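Source: prediction; values computed, not measured. Values reported hereafter were calculated over all heavy atoms of this structure, with side chains retained and with hydrogens, waters and symmetry mates removed. When a ligand or atom number is given, it counts from 1 through the structure's own listing order.
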Amino acid sequence: MGLRLPIRSLGFLLLLVLVPGQCEITVYHANNQAHFATTSVPAAQYSGVQAYNPTTLIPPPVPTPAILSTIPVQLQNGGTPGLSVTQSGAFMGFSIEMSVTNQILGKNSTHLQVPFLNLMANIQQRAGSVRIRVGGNTQEVAKLVDQLPDNRILQKNLTGIFGTTNTPPLDFTRELLYMMGNISSLVNVGWFLGVPWFVTKPFDLAIVPAAVDILGDHLLGLQAANEPDLYVRHQHRIAPYTPFDYYGEMSDFLTQLAASGLDTTGRAKQLLVAPNIAWGADWTPDQIWATGLVDTYNDNLAFLAMERYPESNCGAAVHDGEKILDPQIEFPNFLSHDISVNLVGPYINSTAFAQTKGKRLLMMETNSAACGGIVGVSDVFGAALWGLDYALQMAHSNFSGAMFHTGGQHVFYNPFTAPPTNESTFRQWSIGPIYYSALVMAEAIGPSNLTQVLDLRINGTSPHTPIYGLYENGVPVRVAAFNYVDDPTGASDLNVVVSIAGGTTPAQVKVKYLAATSVSQKGGYTWAGQTFGSFFESDGRLVGAEDIKTVQCDTSAKTCSIKVPAPGFALIFLNDAVYSESETSSTLTFATTAKTQTRNTATVDPTVLATSNGHNASLNGKGSTSHGSEPSASPRLEAPVVLSVIFAALGMGAVLLMR
Ligand SMILES: *[C@@H]1O[C@H](CO)[C@@H](O)[C@H](O)[C@H]1NC(C)=O
Ligand SMILES: *[C@@H]1O[C@H](CO)[C@@H](O)[C@H](O)[C@H]1NC(C)=O
Ligand SMILES: *[C@@H]1O[C@H](CO)[C@@H](O)[C@H](O)[C@H]1NC(C)=O
Ligand SMILES: *[C@@H]1O[C@H](CO)[C@@H](O)[C@H](O)[C@H]1NC(C)=O
Ligand SMILES: *[C@@H]1O[C@H](CO)[C@@H](O)[C@H](O)[C@H]1NC(C)=O
Ligand SMILES: *[C@@H]1O[C@H](CO)[C@@H](O)[C@H](O)[C@H]1NC(C)=O
Ligand SMILES: *[C@@H]1O[C@H](CO)[C@@H](O)[C@H](O)[C@H]1NC(C)=O
Ligand SMILES: *[C@@H]1O[C@H](CO)[C@@H](O)[C@H](O)[C@H]1NC(C)=O
Ligand SMILES: CC(=O)N[C@H]1CO[C@H](CO)[C@@H](O)[C@@H]1O
C-alpha cells in the first residue's frame with residue numbers, strides 16, 4: 001500500500017518541490033472541479049460535433065437460449081498449453097492523429113495539458129509505462145518547419161487537402177517534439193512517430209534526427225509508411241506498386257539516411273517499424289513476409305506492425321461511396337467475442353512468423369470503425385467491453401501491443417477528447433469508453449513483464465461471455481470475465497466458478513468491476529467504483545471512492561464463485577501479491593488547480609455559461625474566454641487557473657512527484 005495523500009495536498013506538493021530555475025513549464029487548462037451529479041444541458045444543444053453526440057441505441061435483446069449462467073473456470077498451476085508470449089502492461093496504448101496533438105498533448109513544450117498528463121499517469125501507475133503513436137494519415141505529409149505564425153507548433157495547410165479522410169497537410173515545428181519530450185520527463189510515455197513516405201526521391205528525413213535527438217530513449221520506433229498497401233488506391237503511387245516495391249523503398253530510405261549523415265548515433269536506422277499495412281486492401285501480410293523484408297532489414301526493424309479496424313464507417317463519415325452502416329444493426333456485432341476473434345485470427349500466421357524472427361508484432365492503429373467510429377456503438381459502455389476483449393484477444397494471439405486511435409471533435413471513438421478550443425475555459429475533458437478499456441487492460445496485464453494471456457474458450461460458453469486467464473511464470477494470477485448481455489432483470493448475470501488444480505484454493509479473492517447499467521450507457525462508467533464522469537467532466541483523475549470486492553471462497557469445494565453482472569466485466573485477483581502489484585493508491589497526479597476554493601465554481605454551472613448570452617462578465621471575471629495561458633491574477637477569474645510549475649531539473653521533478 002502506498003501513501004494516500006489527498007489530491008489537493010499533492011497539488012500543493014507539486015508546487016513546493018519545484019525550485020525556480022531554468023526551465024519553466026506552465027501546466028494549463030485548469031477547470032472546474034467536477035460534480036458529476038449536476039444536471040447538464042443535452043450535448044446536442046451546445047455542440048453538434050460527433051464527440052458529444054448524445055444518441056443512444058437500443059441494447060440487443062437477451063439471447064435465447066439463455067447464456068450458460070454458471071461457468072466452471074478450471075485453471076491449473078503450471079503446464080497450461082497455449083499461453084501467449086509475455087506481455088507488457090503498456091499493451092494497450094494510444095494512437096493520436098498528429099493534427100490534434102496541439103489539442104491533446106498541450107499547446108507547446110511549456111504548456112502541457114494537465115488532464116492528459118493525469119490520464120497517462122493512471123496507466124503508468126498500473127503498467128509502468130504508456131505507449132503512444134503520434135501519426136496517422138497526417139504523418140505522411142507532415143513537414144518540419146523552423147517557425148509558424150503566432151508561435152504555433154502545428155498548422156494545417158488547408159490548401160492541400162488530400163485523401164479519403166480529407167486530411168490536410170501539416171506543418172510542425174520542433175516544439176511539438178520538445179512537448180513530447182517534456183511529457184516523457186513527467187510520465188513514462190514512449191513514442192512512435194512516422195516518417196513521411198509519399199515522396200521517396202528524396203525522402204524528407206528532417207523528422208528523423210530531430211526525433212532521435214529530442215526524444216532519446218523515449219522514441220520507440222519510426223513507422224516506415226502508413227498503410228502503403230493503400231497508396232495506389234489513394235493515388236500516391238502508380239500501379240503496379242507491390243510488396244517488393246515497398247521492400248525496395250526501405251532500402252532507398254536506409255541508403256539516403258546513411259548518405260545524409262543525419263543518423264549520427266546510428267540509432268535511427270535501428271528503429272524502423274514495418275509494414276503498417278491495412279487489411280483487405282491489396283497486399284496480405286504473408287506477401288510482405290515472402291519478400292524477405294524481415295531478414296533483409298533485421299537490424300533495422302524495431303517492431304513489425306499492422307493496422308486494422310473491424311469496420312469502416314467512411315461511407316457515412318466522408319461519403320466515399322462505401323456502404324453506410326446502420327448503427328443499430330452494427331451494435332450487437334460489437335457485443336460479441338466473435339468480432340475480435342475474427343479480426344485477430346488472420347494474423348496468427350504473422351504473430352507466429354514474428355516469433356520465429358525474434359520480432360514483436362504491433363497493431364499500430366486500430367479502433368472500432370475507420371473514419372471516426374459509429375455513433376451509439378463506439379461511444380458507449382459496450383465499446384469499453386469490446387475494446388478490452390479485443391486487446392486481450394490480440395495479447396492472447398501474440399500481438400505485443402495495440403494503439404487505439406484518437407482524433408479530434410469529429411469522431412465517436414476517442415479514448416479521450418479535449419474540449420473544443422473555444423470552450424476550453426469552462427469545460428473539462430470527456431473520457432470515452434476506450435480509455436476505460438486501456439486502464440483495465442493495464443491492470444489486467446500489470447507491471448511485471450511476465451504476464452501471459454490465454455483465451456480460455458471454455459466449452460459450452462457463448463460469444464457473450466468470453467473469459468481469459470492471466471498467468472505469470474505459468475501460474476494463474478488473474479481471471480478476466482466478460483458478460484456482454486444487457487439484462488437488467490439479473491437473470492443473465494454470470495457466475496464464474498474458479499478452481500485451481502495443483503495449487504491451494506485461496507480463502508478469498510479480490511474483484512474489481514467495470515460497470516454501467518446498460519451496454520448503451522454513454523459516460524459515467526465505473527472501474528472499481530470510480531469514474532471520469534460524463535461529457536466535459538474530467539480532469540483526468542478518477543473520482544469517487546474505490547470499491548474493491550472481497551469474495552470468500554468455498555475452501556471445502558475448492559472453488560471461488562464470482563458474479564459478473566449483465567452487462568459487466570470482472571477482474572479477479574487470485575492472490576494478494578498480484579493484487580498489490582497493481583495497487584493503485586500511490587497516485588501520481590497533476591493537480592489542475594491550487595485555487596479551487598477561491599474560485600466561484602460551486603455556483604456556476606458551466607452549461608449556463610455555455611448557453612448564456614455572451615458569457616456574463618460578472619461571472620466571467622475579466623470577461624475573457626482566453627486560454628489558460630495567462631497567470632491568474634484574480635481569484636474570481638473564470639478562465640483557467642494556471643499553475644506555473646518551475647523545474648530545476650525536469651527529471652528530478654518527476655522522480656520527486658512519483659515517490
Ligand atoms: C500548402 O500546400 C500547397 C499544396 O501542396 C503548397 O503548394 C504550399 O506551398 C503549402 N503551403 C505551406 C505554407 O506549406
Ligand atoms: C497461414 O499459413 C498457412 C500455411 O502456410 C496458409 O495455408 C494460410 O493461408 C495462412 N493464413 C493466412 C490468413 O494467411
Ligand atoms: C502464442 O505463442 C505461444 C508461444 O509461441 C504459442 O504457444 C501459442 O499457441 C500462440 N498463440 C496463438 C493463439 O497462436
Ligand atoms: C464553439 O465553436 C463551435 C463550432 O464553431 C460552436 O458550435 C459553439 O457554439 C462554440 N461555442 C461557444 C461557447 O462559442
Ligand atoms: C518491463 O520492461 C520495461 C521495458 O523493457 C522496463 O523498462 C521495465 O523496467 C520492466 N519492468 C520490470 C518489472 O521488469
Ligand atoms: C464440449 O461439450 C460437449 C457437450 O457437452 C461435449 O460433447 C464435448 O466433448 C466437449 N468438448 C470438450 C473439448 O470438452
Ligand atoms: C449577469 O450577472 C448579474 C449578476 O449575477 C445578473 O444580475 C445579470 O442578470 C446577469 N446577466 C445575464 C445576461 O445573465
Ligand atoms: C507557449 O505558449 C505560451 C502561451 O501562448 C507562451 O507564453 C510561451 O512562450 C510558449 N512557449 C514556447 C516555448 O513557445
Ligand atoms: C526533455 C525535453 O524534451 N525537454 C525539453 C522541454 O522543452 C524545452 C523547450 O521549451 C526544451 O529546451 C527541453 O529540451
Using a 3.5 Å cut-off on N or O atoms only, is Ser109 in polar contact with ligand 9? yes
Side chain, backbone, both or neither: which part of Thr110 comes within less than 4.0 Å of ligand 9 when only heavy atoms are counted? side chain
Under 4.0 Å from one or more heavy atoms of Lys107, ligand 8 contributes atoms 4 (C), 5 (O)
What residues, two or more places apart in sequence or in another chain, satisfy salt bridge (charged side-chain N to carboxylate O under 4.0 Å, His left out) together with Arg152? Asp150
So how far is it from Ser312 OG to Asp320 CG, rounded to the nearest 0.5 Å? 6.5 Å
4.5 Å side-chain heavy-atom contact, Phe532 and Phe416: no
Pairing residues for Ala369 by the side chain to side chain contact (heavy atoms under 4.5 Å, CB included) criterion, not counting sequence neighbours: Glu311, Asn313, Ile374
To atom 7 (O) of ligand 9, the nearest of Asp213, Leu215, Asn182, Ile214 on a heavy-atom basis is Asn182
Could you say whether the N/O atoms of Ser109 and ligand 8 ever approach to under 3.5 Å? no
Which atoms from ligand 4 have a heavy atom of Glu423 less than 4.0 Å away? 1 (C), 8 (C), 10 (C), 11 (N), 12 (C), 13 (C)
Should one rank Thr421, Thr425, Asn422 by closest heavy-atom distance to atom 1 (C) of ligand 4, which comes out on top? Asn422
N/O separation below 3.5 Å, Asn108 to ligand 8: yes
Within the 6.0 Å centroid threshold, strictly below: Phe404 and Phe94: no
Within the 4.0 Å heavy-atom shell around Gly181, which atoms of ligand 9 are there? 1 (C), 2 (C), 3 (O)
Any chance the rings of Phe536 and Trp429 have centres within less than 6.0 Å? no
Non-hydrogen atoms of Thr110 versus ligand 8: any pair closer than 4.0 Å? yes
Using a strict 4.0 Å threshold on nitrogen-to-oxygen distance, state whether Glu307 and Arg133 make a salt bridge. yes
